[in-house]
Protein chains: 2
Amino acid sequence: MLAAVLQIRAGTLQVLLWQRAQEPDSGRWALPGGRLGDDEDVEASVRRQLAEKVDVRDVTHVEQIAVFSAPHRVPDVRLVATAFLGLVPSDADPAVPPDTAWHPVARLPDTAFDHAEIIRDARDRLRAKLSYTNLGFALAPRVFTISALRELYVAALGHGVSATNLQRILTRRKLLVPTGGTALPGPSGGRPAAEFRFTDRALKVTDAFAVLRPPPGPGAAGCGVGDSPGGGTPIPVP
Amino acid sequence: MLAAVLQIRAGTLQVLLWQRAQEPDSGRWALPGGRLGDDEDVEASVRRQLAEKVDVRDVTHVEQIAVFSAPHRVPDVRLVATAFLGLVPSDADPAVPPDTAWHPVARLPDTAFDHAEIIRDARDRLRAKLSYTNLGFALAPRVFTISALRELYVAALGHGVSATNLQRILTRRKLLVPTGGTALPGPSGGRPAAEFRFTDRALKVTDAFAVLRPPPGPGAAGCGVGDSPGGGTPIPVP
DNA sequence: TCTGTTTTCGCCTGTTGGTCGAAAACAGGT
DNA sequence: ACCTGTTTTCGACCAACAGGCGAAAACAGA
């Protein structure tokens with residue numbers, strides 16, 4: 001059970017790490033985690049482990065990344081880890097224990113074991129899902145301006161993003177709605193920005209990202225194991 | 001370690017199941033699997049387990065689905081399973097042990113434990129990845145006609161697919177190339193179909209499925225942890 | 001009132017997915 | 001040989017969407 005908790009801090013994608021005090025890999029930075037309890041599943045376990053490091057209420061999204069199980073990924077003992085991605089919105093600043101700190105994903109310190117690889121996978125998962133889900137909600141405050149959201153996307157994706165395009169895509173997908181309010185202009189003036197929020201604060205996959213989709217049938221979909229998800233012709237009868 | 005091995009058989013998506021002879025859940029059908037060995041990672045372990053059920057050379061793709069860890073998913077013992085998706089091309093017909101058989105995913109028999117849920121997740125993963133990867137290569141024979149490939153997609157996706165559209169999408173993405181040869185016409189005549197094959201027989205994600213993609217910079221990409229994957233402006237300097 | 005700044009909106013463009021129908025290429029029967 | 005039925009292939013058309021650009025809107029400060 002390991003968690004790569006990511007947050008945009010100071011315009012940079014950062015990960016919460018913990019400095020080991022004991023061998024092996026003493027002094028190196030590791031992901032927070034722990035062992036699976038008897039009466040919990042892996043996700044509950046991760047949330048419990050994280051509660052010791054950060055305020056759980058700040059963690060807006062948790063999802064499995066993969067199992068890491070190379071025979072000697074940790075010296076001396078056989079340890080299989082289920083890795084998770086956790087996200088914290090940019091306006092939260094949870095108190096962390098003295099041995100833990102945030103580090104930019106782009107410039108990691110000496111990391112323990114295979115944790116650098118796990119962090120890379122978590123970052124890649126985040127980047128991919130920003131494209132075809134509403135996962136931005138987990139990085140952003142409840143309400144925000146398009147410029148602020150754009151900076152979050154830039155930090156997470158690692159490349160420039162057009163504010164115009166970002167707004168259009170998210171609103172066309174009905175993921176974004178204006179609150180009606182406006183933010184105060186900056187110290188150098190400028191038109192006050194409109195405030196927005198995400199419509200849902202739970203993961204939702206954009207339906208139209210799938211290619212070869214079924215024709216848009218007029219609703220009426222059962223939900224058995226073999227059914228097609230989005231209506232459409234169940235199968236052309238021969 | 002559990003594997004949902006899927007194959008299109010007789011125009012239907014089927015899964016390889018194994019009938020339990022012992023309690024618990026005796027008589028019910030279960031996914032093949034086993035325990036992780038000391039000198040292998042989970043993927044190697046799954047391939048080893050599968051070797052007892054089917055010829056490994058027939059398995060064209062294996063990938064992790066998720067960890068299933070509900071406390072009492074298996075009665076009496078605490079068992080955490082890493083679930084896998086395995087794919088077998090439609091032209092293979094591996095010999096299977098007497099207690100195992102293929103079953104249509106749409107009409108499962110009585111399944112053991114939480115295996116029905118795992119099969120559903122595996123099926124959904126396959127369906128999703130058919131959209132934005134070349135994963136079709138794992139379901140299809142080495143060479144095939146568009147009509148044959150269309151039938152595979154129909155069976156896997158559970159809804160109709162246009163042959164024209166399928167061909168255009170796959171060729172535009174450079175996933176499909178004509179072999180030059182043609183197949184024999186059917187008994188009722190008809191124009192002989194051109195034969196095709198997949199360019200790669202390893203998983204490749206379509207690069208352009210990502211939205212908010214970076215501007216197409218003229219190549220030159222480093223590969224550090226913080227780098228952007230596809231070239232493009234690393235970040236607009238403030 | 002004028003200038004500089006930031007946001008917002010509309011317009012244009014190229015690409016892609018989806019559909020349809022005509023043309024091509026075969027087998028079999030007359 | 002010719003016609004019919006069948007299957008495949010290809011081109012044309014349409015709609016939706018991502019991406020980019022510049023003008024207009026709305027503010028602060030001089």
Side-chain angles (χ1 to χ4, degrees), chain A residues 130-132 144-151 153-154 157 159-196 206-217 230-233 236 238, chain B residues 130-132 143-151 153-154 157 159-196 206-217 230 232-233 236 238:
Chain A
L130 284 178
S131 263
Y132 64 94
F144 46 84
T145 67
I146 296 293
S147 317
L149 188 64
R150 188 191 77 93
E151 285 171 32
Y153 272 74
V154 166
L157 293 175
H159 61 75
V161 171
S162 151
T164 297
N165 209 20
L166 178 63
Q167 175 176 10
R168 196 184 9 192
I169 289 176
L170 293 182
T171 53
R172 184 144 52 191
R173 293 178 177 175
K174 300 199 200 318
L175 304 181
L176 220 58
V177 286
T179 65
T182 59
L184 296 179
S188 60
R191 175 172 175 168
E195 286 177 337
F196 290 82
T206 300
D207 46 340
F209 96 101
V211 109
L212 296 170
R213 44 181 166 281
T233 357
Chain B
L130 284 178
S131 263
Y132 64 94
V143 349
F144 47 84
T145 68
I146 296 293
S147 316
L149 188 64
R150 189 191 78 92
E151 285 171 31
Y153 272 74
V154 167
L157 293 175
H159 61 75
V161 171
S162 150
T164 296
N165 208 19
L166 178 64
Q167 174 176 9
R168 191 167 23 137
I169 289 176
L170 293 182
T171 53
R172 184 143 53 188
R173 293 179 177 174
K174 299 199 201 318
L175 303 181
L176 220 59
V177 285
T179 65
T182 59
L184 295 179
S188 60
R191 176 172 175 168
E195 286 177 336
F196 290 82
T206 300
D207 46 340
F209 96 100
V211 107
L212 296 170
R213 42 182 166 280
T233 358

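Reckoned from all heavy atoms, side chains included, excluding hydrogens, waters and symmetry mates. We name chains A, B, ... by the order of the sequence lines, and we start the count at 1 in each one.
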Just call it for B:Thr164: base, sugar-phosphate, or nothing, with non-hydrogen atoms closer than 4.0 Å on any strand. base

Distance, rounded to the nearest Å, where A:Lys174 contributes NZ and D:dA16 contributes C1': 13 Å

Heavy-atom closest contact (B:Gly190 atom, B:Pro185 atom, distance): O-CB, 3.4 Å

What's the CZ-P distance between B:Arg150 and C:dT19, to the nearest Å? 12 Å

Distance-only donor-acceptor test, B:Arg168 side-chain atoms vs C:dG18 base atoms, 3.5 Å: yes

With respect to A:Leu170, which candidate in A:Asn165, A:Leu149, A:Ile146 satisfies the side chain to side chain contact (heavy atoms under 4.5 Å, CB included) definition? A:Leu149

Rounded to the nearest Å, what distance is computed from the CG atom of residue B:Leu130 to the P atom of nucleotide C:dG17? 15 Å

Looking at B:Asn165, I'd like to know whether one of its side-chain N or O atoms comes within less than 4.0 Å of OP1 or OP2 on C:dG18. yes

Would you mind telling me which residue lines up with the more 5' stretch of DNA chain D, A:Gly190 or A:Ala208, judged by nearest nucleotide? A:Ala208

Whole-Å distance separating the CZ atom of B:Phe209 from the C1' atom of D:dC17: 16 Å

Position toward the 5' end of DNA chain C (nearest nucleotide), B:Ser188 or B:Arg191: B:Arg191

Ranking B:Ala193 and B:Leu212 by the position along DNA chain D of their nearest nucleotide, the one closer to 5' is B:Ala193

Under 4.0 angstrom between A:Arg173 side-chain N/O and D:dA18 OP1 or OP2: yes

Main chain of B:Val211, side chain of A:Ser131: is a donor-acceptor contact present, judged purely on distance under 3.5 Å? yes

Just say parallel, tilted or perpendicular for the rings of B:Phe209 and B:Tyr132, cut-offs at 30° and 60°. parallel

Rounded to the Å, how far apart are B:His159 NE2 and C:dG17 C1'? 13 Å

Please check this pair: side chain of B:Thr179 against backbone of B:Gly181, looking for a donor-acceptor N/O pair closer than 3.5 Å. yes

Under 4.0 Å between a side-chain N or O of B:Ser147 and OP1 or OP2 of D:dT8? yes

Can you tell me how far C1' of C:dA25 sits from CD of B:Glu195, to the nearest Å? 16 Å

Figure out the CD/P separation between A:Gln167 and D:dA18, and round it to whole Å. 13 Å

Is B:Ala194 touching bases, backbone alone, or none of the nucleic acid, heavy atoms closer than 4.0 Å? sugar-phosphate

Hey, is the side chain of A:Arg213 poking within less than 4.0 Å of OP1 or OP2 on C:dG18, counting only N and O atoms? yes

Taking only side-chain N and O atoms of A:Arg172, does any of them lie within less than 4.0 angstrom of OP1 or OP2 on D:dA18? yes

Length of the CG-C1' vector between A:Leu184 and C:dT7, whole Å: 14 Å

